[in-house]
Enquirer: 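Please see the structure below; I have some questions.
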Amino acid sequence: MFRRIFFLFISSFLTMIIHGRDKKDLPNFIIILCDDLGYGDIGVYGHPTIRTSNIDRLAEEGQKWTSFYTAASVSSPSRAGLITGRLPVRYGMCHDSIRVLTPNSSGGLPQSEITIAEQLKKGGYTTACIGKWHLGHLRQFLPLNNGFDYFYGLPYSNGGMTRKVVNGKAVYDVPLIRGNDEIERPVDQSTLTKRYTEEALKFIKQNSDKHFFLYLAHTMPHVPLSRSEDFADVSLRGLYGDAVEEIDWSVGEIIKELKELGIDKNTLVVFTSDNGPWVTQKLNGGSAGILSGEKGNTFEGGLRVPALFWWPGTIRPDVIMNAATTMDLFPTFSALAGIPMPKDKIYDGYDLSKVIDGTGSSERDVVFYYRGTRVFAVRKGEFKAHFITKTAYGVMDERVLDQPLLFNLNHDPAEQFNLAKEYPEIISEIRNVLREHLNTLTEVENQHEKIIRK
Ligand code: MG
């Protein structure tokens with residue numbers, strides 16, 4: 001007994017020294033994930049007619065990341081990467097033709113994966129997933145079975161294959177779920193941003209004296225677009241702008257609540273998007289701003305997204321140009337919460353905690369641009385080589401390039417000027433990085449091709 005108490009005392013003392021913080025100082029974590037919000041769709045990233053004063057304030061008071069990437073350019077694999085810190089190809093959450101999970105899917109995030117929520121629970125965190133899940137809609141795959149104490153939201157996308165025609169009217173047959181139970185079908189999408197926000201505020205209030213992790217994954221601005229009455233026709237950008245401006249309102253409400261509860265200085269808020277803008281939706285899709293590419297392909301606009309880190313008192317206002325990805329959040333949160341990384345898996349993320357407290361830079365030098373199970377492009381340092389290109393949607397024009405394209409992303413973020421002829425040695429270097437990476441992959445069961453047989 002005495003030895004046990006002595007051991008506990010020593011180990012918590014060491015944890016304090018190593019991580020520089022007592023358990024009562026552990027930060028709360030909030031991820032606000034938008035759906036299909038493009039790199040150029042908020043004020044502080046240059047949009048001229050979408051008003052996002054609350055989101056812009058996160059940038060003024062925190063870190064604005066300009067080279068922040070997702071794990072994929074479409075929903076399910078992107079979310080899988082964020083939630084596990086690992087590339088989706090490592091556990092079968094991507095596919096070359098079935099690009100996302102659908103209401104007919106019987107697969108989902110394998111139980112062998114550790115989610116950020118499961119990881120943080122090891123440190124005593126209370127966890128909630130509010131919003132879009134899209135990592136398997138059968139009960140065994142839902143958030144409550146993946147480390148979340150609470151779930152309120154949609155199991156998959158609000159559009160796409162959920163569309164049905166009932167009495168001559170198009171209906172999106174999407175359920176709203178609380179816990180594991182369907183509570184509304186079809187869900188009234190117009191009030192989703194508002195209701196997610198109310199749920200988020202309630203969760204924050206109820207857990208303000210504990211350490212919590214809130215994963216708030218908005219359904220908007222994913223087509224079909226919707227907004228509440230209060231945001232009808234408020235934006236110069238039209239319906240898309242209305243949907244984004246309602247999310248901006250939501251961000252403002254959350255920050256206000258954190259301040260009122262006096263926990264703002266103890267909470268890291270990360271605001272980002274799951275992939276680039278859905279350009280094929282024309283006016284209903286967003287914008288990648290200066291970047292070329294879009295949701296669904298592997299040019300920058302497909303995977304590079306807005307990302308703001310806000311934590312008053314810890315994060316100093318700055319623009320961070322280091323490359324980072326949503327997969328870095330898992331190791332970063334683990335480090336900040338003093339929870340050791342699992343030893344039995346290959347992680348694709350890097351701990352950004354030194355960037356957050358201003359004592360160092362990101363160790364990430366390489367970004368893999370996956371489309372389905374294949375790597376189409378690789379960034380190393382300032383250079384990016386495209387080995388395969390393909391149109392995002394519609395007529396699929398796939399080109400496996402004998403002569404890869406090479407762009408200097410610092411000089412040419414819009415990927416306009418091919419430098420392949422000037423720097424053949426850089427292409428060889430990137431090929432080697434890719435070869436080494438591919439050697440770390442193993443054959444796994446594919447989750448996207450599992451279909452419910454009716
Ligand atoms: Mg998306």
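Along the sequence shown, the residues carry numbers beginning at 1. For the numbers below, each heavy atom of this structure counts, side chains included, while hydrogens, waters and symmetry mates do not.
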Enquirer: Going from CD on Gln447 to CG on Leu109, what distance comes out if it is rounded to the nearest 0.5 angstrom?
Expert: 8.0 Å
Enquirer: Which one of Tyr125, Phe213, Phe212 satisfies the ring pair (Phe, Tyr, Trp, His ring centres under 6.0 Å) criterion with Phe29?
Expert: Tyr125
Enquirer: Are any non-hydrogen side-chain atoms of Val305 and Leu303 less than 4.5 angstrom apart?
Expert: no
Enquirer: Quick check against the 3.5 Å criterion: does Ser73 have a side-chain atom that pairs as donor or acceptor with the backbone of Gly296?
Expert: yes
Enquirer: Is the shortest side-chain heavy-atom distance between Tyr39 and Leu291 below 4.5 Å?
Expert: yes
Enquirer: Answer yes or no: are there more than 12 heavy-atom neighbours, outside Tyr423 itself, under 6.0 Å from its atom OH?
Expert: no
Enquirer: Does the Lys NZ or Arg CZ of Arg379 fall within the cation-pi geometry relative to Tyr69 - under 6.0 Å from the ring centre and within 45° of the axis?
Expert: no
Enquirer: Test of understanding: with side-chain hydrogen bond (donor to acceptor under 3.5 Å, both in side chains), list the residues that count as partners of Asp412, not counting sequence neighbours.
Expert: none
Enquirer: Any ion pair linking Glu60 and Arg57 (charged N to carboxylate O, less than 4.0 Å)?
Expert: no
Enquirer: For a side-chain hydrogen bond (donor to acceptor under 3.5 Å, both in side chains) check, start with the C-alpha distance between Tyr91 and Thr84, then their side-chain angles and the critical distance, and finish with the verdict.
Expert: CA-CA 10 Å; Tyr91 43 88; Thr84 63; 2.9 Å; yes
Enquirer: Over 60° means perpendicular and under 30° means parallel, so tell me whether Phe68 and Trp65 are parallel, tilted or perpendicular.
Expert: perpendicular
Enquirer: What class does the angle between the rings of His437 and Phe368 fall in, given that below 30° is parallel, 30 to 60° is tilted and above 60° is perpendicular?
Expert: parallel
Enquirer: Does the cation-pi check pass for Lys64 over Tyr45, that is, NZ or CZ under 6.0 Å from the six-membered ring centre and within 45° of its axis?
Expert: yes
Enquirer: Considering only NZ, NE, NH1 and NH2 on the basic side and carboxylate oxygens on the acidic side, decide whether Arg374 and Glu398 come within less than 4.0 Å.
Expert: yes
Enquirer: Any side-chain heavy atom of Tyr240 sitting closer than 4.5 Å to one from Arg227?
Expert: no
Enquirer: Taking side chain to side chain donor-acceptor pair (under 3.5 Å) as the criterion, tell me which of Asn275, Asp35, Asp36 meets it with Lys295.
Expert: Asp36
Enquirer: Considering only NZ, NE, NH1 and NH2 on the basic side and carboxylate oxygens on the acidic side, decide whether Glu415 and Lys384 come within less than 4.0 Å.
Expert: yes
